[in-house]
Undergrad: 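Got a structure for you, questions after.
Throughout, numbering of the chain's residues begins at 1 and tracks the sequence. Owing to the predicted nature of the structure, the values given are computational and were not obtained by experimental measurement.
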Amino acid sequence: MNAQTFEKDSFKTKSGKNLDIFFIKHSSLILKYNGYLIYVDPVTMFTNYSLQPQADMILVTHEHADHFDPNAIDTLKKENTKIILNLSTRDKLGEGTDIKNGDKINPEPFLSIEAVPAYNTTPGREHFHPKGRDNGYILTIDGLRIYIAGDTEDIPEMNNIKNIDIAFLPVNQPYTMTVDQAVHAAKMIKPVILYPYHYSDTNVEEIKTRLATESPAIEVRIRELQ
């Protein structure tokens with residue numbers, strides 16, 4: 001990346017290529033594979049995207065302003081940029097490809113994307129993220145499986161999410177998960193590596209401490225994703 005420096009972790013894919021994940025803030029990420037750039041939930045309040053290279057793909061989980069920013073998308077897109085998002089956000093943006101919970105697409109030879117449910121379950125909080133509207137995403141990039149949960153609680157559908165190498169789980173009630181819920185979600189998904197994200201002032205070190213005892217096979221990495 002250029003102009004701005006973000007925290008970065010690197011992983012090897014099935015064919016031995018590098019996947020770099022850049023941590024911007026909150027739910028905003030950049031995934032770089034073999035020169036291909038995927039921006040996840042890019043929002044101008046977290047960084048100046050005009051200082052970054054334009055996107056090959058932009059992935060948006062839902063319509064809230066801390067995830068969906070038309071100005072950031074306009075800055076990042078080029079002529080052939082693929083924009084993948086849920087239906088309600090597609091309606092607001094007026095462009096892109098909408099996919100719904102359960103859909104699976106293969107936008108590139110090395111990439112598949114599955115949209116999975118993301119919603120609130122706590123009584124009185126269902127309106128924040130109603131069932132069926134928003135997406136989480138499972139990306140398979142050259143064999144490496146990455147779960148980006150979006151805004152959700154520890155929903156039962158997580159029991160169906162398998163073989164995840166890297167997971168991003170949101171931790172900030174009342175909008176997403178408590179620490180207890182995040183620990184429960186991690187135990188359902190059993191990722192190799194877990195990144196708490198979208199965590200505001202939540203003490204996510206508690207997740208790392210608890211899983212070290214309760215599910216030591218899960219490596220918890222804390223990055224600046226408040």
Side-chain angles (χ1 to χ4, degrees), residues 1-24 27-42 47 49 52-61 73 76-86 96-118 135-150 157-169 185-186 188-197 211 215-225:
M1 310 307 290
N2 61 331
Q4 293 165 290
T5 301
F6 305 116
E7 289 183 289
K8 178 188 79 171
D9 284 355
S10 296
F11 306 89
K12 289 292 184 185
T13 64
K14 184 177 180 180
S15 68
K17 294 184 174 68
N18 280 343
L19 172 72
D20 297 328
I21 301 180
F22 297 86
F23 311 100
I24 298 177
S27 296
S28 296
L29 307 166
I30 307 171
L31 282 61
K32 182 178 181 181
Y33 167 77
N34 201 28
Y36 191 93
L37 289 172
I38 302 171
Y39 286 78
V40 179
D41 285 351
T47 194
Y49 284 98
Q52 297 303 326
Q54 289 178 298
D56 297 293
M57 175 176 289
I58 299 169
L59 199 62
V60 181
T61 58
I73 292 171
L76 287 169
K77 72 179 182 182
K78 52 189 178 182
E79 185 177 356
N80 60 345
T81 299
K82 294 179 172 68
I83 303 171
I84 311 295
L85 60 184
N86 68 316
T97 300
D98 61 273
I99 59 176
K100 64 183 183 301
N101 297 173
D103 287 350
K104 187 172 182 178
I105 60 173
N106 294 86
E108 304 291 348
F110 57 84
L111 172 65
S112 71
I113 300 174
E114 181 182 356
V116 295
N135 289 335
Y137 296 109
I138 299 171
L139 283 67
T140 304
I141 302 176
D142 187 15
L144 196 70
R145 286 173 55 79
I146 303 154
Y147 172 44
I148 299 169
E157 291 91 340
M158 289 179 177
N159 280 305
N160 301 321
I161 297 175
K162 307 293 185 185
N163 303 315
I164 297 298
D165 297 295
I166 302 161
F168 290 87
L169 295 179
M188 284 192 281
I189 299 161
K190 300 180 178 65
V192 177
I193 296 169
L194 168 64
Y195 292 99
Y197 82 153
L211 287 175
S215 289
I218 301 173
E219 178 187 349
V220 180
R221 297 185 183 182
I222 308 298
R223 299 294 184 262
E224 293 184 8
L225 291 167

Undergrad: Ignoring hydrogens, what is the shortest heavy-atom contact between Leu85 and Tyr137? Give both atom names and the distance.
TA: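 Scanning both residues, the minimum pair turns out to be CA-OH, 3.5 Å.
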Undergrad: Checking side-chain contact (heavy atoms from CB on, under 4.5 Å) against Ile189, which of Asn159, Leu169, Asn160 comes through?
TA: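 The option that passes is Leu169.
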Undergrad: Is a side-chain N or O of Thr81 found less than 3.5 angstrom from the main chain of Ala55, in a donor-acceptor match?
TA: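 Yes, Thr81 side chain to Ala55 backbone: donor-acceptor pair under 3.5 Å.
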Undergrad: Are a donor atom and an acceptor atom from the side chains of Ser10 and Asp20 found within less than 3.5 Å of each other?
TA: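 The answer is yes; a qualifying pair exists.
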Undergrad: Do the side chains of Pro196 and Leu225 get nearer than 4.5 Å, heavy atoms only?
TA: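 No; the side chains remain at least 4.5 Å from each other.
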Undergrad: Do the side chains of Leu211 and Glu219 get nearer than 4.5 Å, heavy atoms only?
TA: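 SC-SC contact between Glu219 and Leu211 ruled out.
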Undergrad: Find out whether Lys82 and Glu108 are in side-chain contact, i.e. whether some heavy atom of one side chain is under 4.5 Å from a heavy atom of the other.
TA: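 In short, these two side chains touch, coming nearer than 4.5 Å.
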Undergrad: Give me the atom names and distance for the closest heavy-atom approach of Pro117 to Asn101.
TA: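 Here Pro117 and Asn101 meet closest at CA-OD1, 3.4 Å.
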Undergrad: So Phe168 and Phe23, would you call those rings parallel, tilted or perpendicular, with 30° and 60° as cut-offs?
TA: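 Tilted, since the angle between the ring planes falls between 30° and 60°.
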Undergrad: Would you mind reporting whether Val40 and Leu139 have side-chain heavy atoms less than 4.5 Å apart?
TA: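 SC-SC contact between Leu139 and Val40 ruled out.
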Undergrad: Take atom CD of Glu7 as the centre, draw a 6.0 Å sphere, and report whether it contains more than 12 heavy atoms from other residues, nucleotides or ligands.
TA: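 Counting other residues, nucleotides and ligands, CD of Glu7 exceeds 12 neighbours.
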Undergrad: Quick one: pull up CG in Asn86 and CG in Asp103 and give me the separation to the nearest 0.5 Å.
TA: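 Those atoms lie 11.5 Å apart.
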Undergrad: Looking at every heavy atom in both Lys162 and Arg145, which two are closest together, and how far apart are they?
TA: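 In terms of heavy atoms, the two residues are closest at O-NH2, 2.9 Å.
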Undergrad: Give me the ring orientation class for Phe110 and Tyr36: parallel if the planes are under 30° apart, tilted from 30 to 60°, perpendicular past 60°.
TA: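 Ring orientation, 0 to 90° scale: perpendicular.
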Undergrad: Should Arg223 and Asp9 be marked as a side-chain contact (heavy atoms from CB on, under 4.5 Å) after you check the CA-CA gap, both sets of side-chain angles, and the distance that decides it?
TA: CA-CA 10 Å; Arg223 299 294 184 262; Asp9 284 355; 2.9 Å; yes
Undergrad: Could you walk me through whether Lys78 and Asn80 satisfy the side-chain contact (heavy atoms from CB on, under 4.5 Å) test, starting with their C-alpha distance in whole Å, then the side-chain angles of each, then the deciding distance to 0.1 Å, before giving a yes or no?
TA: CA-CA 6 Å; Lys78 52 189 178 182; Asn80 60 345; 3.5 Å; yes
Undergrad: Quick one, Thr61 and Ser27 - any side-chain contact, counting heavy atoms below 4.5 Å?
TA: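 Not touching, per the 4.5 Å side-chain cut-off.
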Undergrad: Are the side chains of Ile141 and Ile38 in touch, meaning some heavy atoms are under 4.5 Å apart?
TA: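 In contact.
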Undergrad: Going by atom types only, do Lys12 and Asn18 share a side-chain donor-acceptor pair under 3.5 Å?
TA: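 Yes, because at least one side-chain N or O of Lys12 sits under 3.5 Å from a partner of the opposite role on Asn18.
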Undergrad: Does any donor atom in the side chain of Thr13 or Asp142 lie under 3.5 Å from an acceptor atom in the other side chain?
TA: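 Side chains of Thr13 and Asp142: pair found under 3.5 Å.
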Undergrad: Find the distance between CD1 (Ile166) and CG (Leu194) and round it off to the nearest 0.5 Å.
TA: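 One finds 11.0 Å between CD1 of Ile166 and CG of Leu194.
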Undergrad: Might you point out which heavy atoms bring Tyr49 and Pro42 nearest each other, and give the distance in Å?
TA: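 Reported closest heavy-atom pair: OH-CA, 3.3 Å.
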Undergrad: So, do Phe6 and Gln52 sit near enough that their side-chain heavy atoms are less than 4.5 Å apart?
TA: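 Side-chain contact under 4.5 Å: yes.
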Undergrad: Are Ser112 and Lys104 close enough that some pair of their side-chain heavy atoms sits under 4.5 Å apart?
TA: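 They are in side-chain contact.
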Undergrad: Passes side-chain contact (heavy atoms from CB on, under 4.5 Å), Asn135 versus Ile84? Steps please.
TA: CA-CA 10 Å; Asn135 289 335; Ile84 311 295; over 6 Å; no
Undergrad: Just one of Asp41, Ile30, Leu29 clears the side-chain contact (heavy atoms from CB on, under 4.5 Å) bar with Ile24, so which one?
TA: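 Result: among Asp41, Ile30, Leu29, Ile30 is the only option passing the side-chain contact (heavy atoms from CB on, under 4.5 Å) with Ile24.
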Undergrad: How long is the straight-line distance from CD1 of Ile58 back to CD1 of Ile83, given to the nearest 0.5 Å?
TA: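 Rounded to the nearest 0.5 Å, the CD1-CD1 separation comes to 5.0 Å.
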Undergrad: Which heavy atom in Ala186 sits nearest to a heavy atom in Pro191, and how many Å separate them?
TA: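 Answer, listing the atom of Ala186 first, then Pro191: O-CD, 3.6 Å.
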Undergrad: Does the side-chain contact (heavy atoms from CB on, under 4.5 Å) test come out yes or no for Phe11 and Ile193, once each step is laid out?
TA: CA-CA 11 Å; Phe11 306 89; Ile193 296 169; 3.5 Å; yes
Undergrad: Looking at Met57 and Pro107, what are the two nearest heavy atoms and their distance?
TA: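 Closest approach of Met57 to Pro107, heavy atoms only: CE-CG, 3.6 Å.
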Undergrad: Just verifying a value: how many Å separate Leu19 CG and Lys32 NZ, rounded to the nearest 0.5 Å?
TA: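 Between Leu19 CG and Lys32 NZ, I get 11.0 Å after rounding to 0.5 Å.
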Undergrad: Measuring from atom CG of Leu76 to atom OH of Tyr39, what distance do you get when rounded to the nearest 0.5 angstrom?
TA: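 If I round to the nearest 0.5 Å, the distance is 5.5 Å.
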Undergrad: Quick one: pull up CG in Leu144 and CG in Leu31 and give me the separation to the nearest 0.5 Å.
TA: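 Taking CG in Leu144 and CG in Leu31, the distance rounds to 9.0 Å.
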